[in-house]
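One structure is given below, encoded as structure tokens.
Remember, it's a predicted structure, so these values are computed and weren't measured experimentally.
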Amino acid sequence: VFNAVHYLSSRPALDEMIRKKTGKQCDVFFMTNMNFGGISSAVKRVLTVHDLSFETHKELLPLKGRLWHRYVNPRRLMLEADHLIAVSETTKKDVVERYCIPQQKISVTHLSCGKEFFETTKPISREALGLPDRYILGLGGGKRKNNEALIDAFALFLKKTSHSSP
């Protein structure tokens with residue numbers, strides 16, 4: 001119901017709710033991904049765009065995902081944003097080409113994590129983790145992540161390198 005109210009009226013504006021609860025004015029609203037959210041026009045908006053797969057591969061989204069993107073209206077969100085953050089040059093290019101958004105309105109910031117995640121006090125071995133000699137690691141699920149191609153590539157690797165099993 002809350003999302004429906006936002007969609008239909010952009011009320012209650014989230015920045016107004018913040019001001020009423022905290023007494024502080026919201027200067028910039030940062031959206032880490034596309035979502036409903038009524039914001040007053042006086043507040044700057046920064047939106048992160050991860051990809052446009054919802055446009056380029058609609059057939060891979062379930063009906064619920066297609067309906068959700070239709071009502072969130074990513075094109076409107078991007079056009080109304082003061083600045084966009086794209087997670088890759090490809091995403092930036094797709095946004096510029098598909099929505100005619102000026103390149104200077106988009107910064108590319110690659111996803112990463114802090115260096116503390118790369119520092120270890122001792123090496124972690126495959127054996128300590130209980131991993132076999134050979135394995136593949138695939139992150140993500142659903143048709144959109146194309147796990148079938150990963151498995152096909154692994155099968156081809158095994159065939160070409162004369163490995164009978166992983």
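More than 12 heavy atoms of other residues, nucleotides or ligands lie within 6.0 Å of CD in E127, so this atom counts as buried by the packing criterion.
There is a path of hydrophobic side-chain contacts, each under 4.5 Å, that joins Y71 to F54. Under the 4.5 Å side-chain heavy-atom criterion for ILVMFWY residues, a single connected hydrophobic cluster contains both Y99 and V49. One hydrophobic cluster, built from ILVMFWY side chains closer than 4.5 Å, holds both L77 and L61. V108 is not connected to I101 by any chain of hydrophobic side-chain contacts under 4.5 Å among Ile, Leu, Val, Met, Phe, Trp and Tyr, and they are in different clusters.
In this structure, the separation between OG1 on T161 and CG on L156 is 9.0 Å, given to the nearest 0.5 Å. Of the inter-residue distances, the one linking C100 atom SG with R75 atom CZ reads 7.0 Å to the nearest 0.5 angstrom. Rounding to the nearest 0.5 Å places CG of D82 at 7.0 Å from NZ of K105.
Within the 3.5 Å criterion, the main-chain N or O of V43 finds no donor-acceptor partner in the side chain of S40.
The two residues F29 and L14 make their nearest non-hydrogen contact at CZ-CD1, 3.7 Å. Residues R66 and K58 approach most closely at CD-O, 3.4 Å, considering heavy atoms. N35 and W68 get closest at one heavy-atom pair: OD1-CZ2, 3.9 Å. Counting all heavy atoms, side chain and backbone alike, H83 lies closest to Q104 at CE1-O, 3.9 Å.
Residue pairs that meet the salt bridge (Lys or Arg N to Asp or Glu O under 4.0 Å) test with at least one member in residues 37-49, sequence neighbours left out, are R45-E80. Contacts classified as salt bridge (Lys or Arg N to Asp or Glu O under 4.0 Å) and involving residues 24-41 (residues at least two apart or in different chains) are not found.
The salt bridge (Lys or Arg N to Asp or Glu O under 4.0 Å) test applied to R126 returns D133, not counting sequence neighbours. With sequence neighbours excluded, the residues forming a salt bridge (Lys or Arg N to Asp or Glu O under 4.0 Å) with R98 are E55, listed by chain and number.
With a 4.5 Å cut-off between side-chain heavy atoms of Ile, Leu, Val, Met, Phe, Trp and Tyr, the cluster of I85 takes in V28, F30, V46.
No side-chain heavy atom of N73 sits less than 4.5 Å from a side-chain heavy atom of M34. Under the 4.5 Å side-chain criterion, counting only non-hydrogen atoms from C-beta, L84 is in contact with L47. Here the side chains of P74 and H69 are in contact, with some heavy-atom distance below 4.5 Å.
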Indicate every side-chain donor-acceptor pair of residues 89-97 with a distance under 3.5 Å to a residue at least two apart or in another chain.
residue: T91; atom: OG1; partner: H50; partner atom: O; Å: 3.1
residue: T91; atom: OG1; partner: S88; partner atom: OG; Å: 3.0
residue: K92; atom: NZ; partner: I106; partner atom: O; Å: 3.4
residue: K93; atom: NZ; partner: E97; partner atom: OE2; Å: 3.4

